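Lettering of chains follows the sequences in order, A, B, ..., and the numbering in each one begins at 1. Owing to the predicted nature of the structure, the values given are computational and were not obtained by experimental measurement.
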Protein chains: 2
Amino acid sequence: MVALSIQEVSRHCGLSEPTLRYYEDIGLIGPVSRDERSGHRRYGTADVDTLEVLACLRAVGMRIEDMRVYLANRARGLSTSAEQRDLLLRQAERVEAEIRAKQARLGYLREKAALWDARHRGDAEAEAASSARLPLLIAGMELGASPAR
Amino acid sequence: MVALSIQEVSRHCGLSEPTLRYYEDIGLIGPVSRDERSGHRRYGTADVDTLEVLACLRAVGMRIEDMRVYLANRARGLSTSAEQRDLLLRQAERVEAEIRAKQARLGYLREKAALWDARHRGDAEAEAASSARLPLLIAGMELGASPAR
DNA sequence: AACCACCCCTCAAGCGCTTGAGGTCAACGG
DNA sequence: CCGTTGACCTCAAGCGCTTGAGGGGTGGTT
């Protein structure tokens with residue numbers, strides 16, 4: 001039985017140490033066993049496996065409550081496989097929307113930077129051109145879109 | 001002098017009503033004038049102009065404190081144009097990194113969905129193939145990357 | 001006049017972490 | 001043997017909103 005420290009687990013699966021503690025606090029994982037004398041967390045293989053999955057789900061922006069559902073389904077095995085698939089596909093759609101939104105925003109940022117650069121250089125013509133392009137970019141953005149999740 | 005309601009401004013610039021109130025609370029904008037008898041907020045042209053900019057900056061993930069800097073610089077005019085440009089370009093780089101991270105995560109999600117779908121269909125071969133591809137996708141993700149900002 | 005539907009208001013709490021303060025334990029060098 | 005890292009611990013507060021509770025004002029119907 002391996003018994004990794006919080007730092008090792010953090011590096012391994014890319015979740016910060018506070019996040020690991022937080023996930024334990026809210027009962028997503030664990031309770032994680034402790035080193036008798038120091039009281040430090042020692043993560044076993046099962047914990048790490050679960051955390052790897054959680055890290056990926058989190059990375060794609062899944063909410064905690066959906067993670068709970070996913071883990072519960074996983075524990076129940078095959079019977080829920082269609083549900084698992086749909087949970088993930090819905091999430092994938094959300095991520096795609098976020099990517100599209102971000103690309104639009106990126107265009108805006110770059111144009112706005114060009115505008116200030118033109119001002120900086122005292123290039124009135126370039127400044128006017130940028131100013132003219134900006135409203136189009138704003139129009140291209142889905143305004144209602146969430147900022148970052 | 002126009003005097004838009006909070007709902008109108010919200011729709012116009014894509015910030016939620018609570019967010020508009022919040023931005024006023026923390027002094028990013030305003031204080032916004034009020035309708036004498038009802039106490040409702042009435043936004044003027046200057047407010048709306050500022051909010052349009054803020055909506056875009058927020059949409060690209062700029063933090064509140066950077067927005068304050070941006071607005072302060074804007075008020076000071078040309079002298080800070082190079083600074084403005086750099087503030088925006090730094091932000092653009094962050095957004096690009098986020099997009100790359102999200103695309104990697106999307107691939108992971110889709111593969112994981114395929115895995116559960118294979119399980120659902122009882123297709124052991126497809127399941128094994130998906131299982132084999134997943135670790136590569138995980139390896140391709142920048143694990144340390146922030147989930148969404 | 002009473003009722004309803006809206007729009008707006010102000011708190012207060014929740015979300016999913018991050019950051020920071022303050023303290024313990026274990027191994028190391030001087 | 002003492003002092004210093006360094007990794008860990010536990011709160012508590014902060015971030016940037018969102019959500020929800022509890023209420024008021026206005027306008028149009030019955």
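In this structure, CD of E36(A) is placed 12 Å from P of dA26(C), rounded to the nearest angstrom. dC11(D) atom C1' lies 16 Å from atom OH of Y22(A), rounded to whole Å. Atoms CD1 (I26(A)) and P (dG14(C)) sit 14 Å apart, rounded to a whole Å. Separating the CG atom of L4(A) from the P atom of dA7(D) is a distance of 16 Å, rounded to the nearest angstrom. Put simply, CG on D35(B) is 10 Å from C1' on dG25(D), counting in whole angstrom units.
Of the listed nucleotides (dC17(D), dG16(C), dT19(C)), dT19(C) has the atom at the smallest distance from the side chain of P18(A). Closest to the R34(B) side chain, of the nucleotides dC17(D), dT19(C), dT10(C), is dT10(C). Among the nucleotides dA26(C), dC9(D), dC17(D), the one closest to any side-chain atom of T19(B) is dC17(D).
No contact: R42(A) has no heavy atom under 4.0 Å from any strand. When heavy atoms are screened at a 4.0 angstrom cut-off, R37(A) is found touching the sugar-phosphate backbone but no base atom. I6(A) comes within 4.0 angstrom of the backbone, heavy atoms only, and of no base.
A sub-4.0 Å separation between OP1 or OP2 of dT18(C) and a side-chain N or O of S16(A) is present. Close to dC8(D), at under 4.0 Å from its OP1 or OP2, lies a side-chain N or O of S5(A). An OP1 or OP2 oxygen of dT10(D) is reached within less than 4.0 angstrom by a side-chain nitrogen or oxygen of R41(A). In this structure, R21(B) does not reach the dT19(D) phosphate: none of its side-chain N or O atoms is under 4.0 Å from OP1 or OP2.
Ion pairing of E127(B) with R121(B) is absent here, as no side-chain N (NZ or NE/NH1/NH2) approaches a carboxylate O to less than 4.0 Å. Under the 4.0 Å criterion applied to side-chain N and carboxylate O atoms, R110(B) and E96(A) are assigned as salt-bridge partners. With respect to R21(A) and E24(A), no salt bridge is recorded, no charged nitrogen being found less than 4.0 Å from a carboxylate O.
Residues H40(B) and E65(B) each lie close to DNA chain D; by heavy-atom proximity, the contact nearer the 5' end of the strand is made by E65(B). Residue-to-nucleotide proximity on DNA chain C shows that, of E17(B) and Y23(A), the 5′-proximal contact is made by E17(B).
Atom CZ of residue R41(B) and atom CD1 of residue I6(B) lie 5.0 Å apart, to the nearest 0.5 angstrom.
Residues V53(B) and Y70(B) have side chains in contact (heavy-atom distance under 4.5 Å, counting atoms from C-beta outward).
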